[in-house]
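In what follows, a single structure is set out as structure tokens and then discussed.
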Amino acid sequence: SDQEFKAKLTERELEVLRLYASGMTLKSVAYELKLSKYTVKEHIDRVRDKYSNLGRPAPGKSELLMRLLEDGYMGDDFI
């Protein structure tokens, strides 16, 4: 099923990724969520690893956005 190829993302990973993939910088995502820039980068790196492990690499921001859309993690209200 498609579920096998869908990354299992935590709520926090999704929160970080939605902001980042919608065009915000690491720094502005960190500010928005009151996290360190390092923590935001860790979340994004972890998500990239999860997608790579599924054979669906997402090296750039646009690929991350595509993965979120493919997996139904980005609703219409985020675009």
Self-check item: Pairwise side-chain contact, Leu26 with Ile44, heavy-atom cut-off 4.5 Å (strictly under)
Solution: yes
Quiz item: Given side chains that start at C-beta, do those of Glu15 and Thr10 come closer than 4.5 Å, heavy atoms only?
Solution: no
Quiz prompt | Shortest non-hydrogen contact from Ala58 toward Leu64 | solution = CB-CD2, 3.7 Å
Exercise. Can you measure from OG (Ser62) to CZ (Arg67) and round to the nearest 0.5 angstrom?
Key: 9.0 Å
Quiz item: Does Lys6 make a cation-pi contact with Tyr51, if we ask for NZ or CZ under 6.0 Å from the ring centre and within 45° of the axis?
Solution: no
Self-check item: From Lys41 atom NZ to Ser36 atom OG, the distance as rounded to the nearest 0.5 Å
Solution: 11.5 Å
Quiz item: Do Asp71 and Lys8 meet the salt-bridge criterion of a basic N to acidic O distance under 4.0 Å?
Solution: no
Practice problem: Give a yes or no on whether Leu69 and Val47 share a hydrophobic cluster (residues Ile, Leu, Val, Met, Phe, Trp, Tyr; joining criterion: side-chain heavy atoms under 4.5 Å apart). | Solution: yes
Quiz item: Are side-chain heavy atoms of Leu68 and Leu9 found at a separation under 4.5 Å?
Solution: yes
Quiz prompt | Donor-acceptor contact below 3.5 Å, side chain Ser22 vs main chain Arg18 | solution = yes
Self-check item: salt_bridge(Glu13, Lys50) N-O dist < 4.0 Å
Solution: yes
Quiz item: If you measure from CG on Leu17 to CZ on Arg46, what distance do you get to the nearest 0.5 Å?
Solution: 12.0 Å
Practice problem: Check Pro59 against Pro57 and note the closest heavy-atom contact, atom names and distance. | Solution: CD-C, 3.6 Å
Quiz prompt | Test: Glu70 and Arg56 ion pair at under 4.0 Å | solution = yes
Quiz item: Hey, is the main chain of Arg48 close enough, under 3.5 Å, to the side chain of Ser52 for a donor-acceptor pair?
Solution: yes
Quiz item: Run the side-chain contact (heavy atoms from CB on, under 4.5 Å) check on Lys27 and Val40 step by step: do they pass?
Solution: CA-CA 8 Å; Lys27 192 174 174 182; Val40 169; over 6 Å; no
Quiz item: Out of curiosity, Lys37 NZ to Thr25 OG1, how far, rounded to the nearest 0.5 Å?
Solution: 7.5 Å
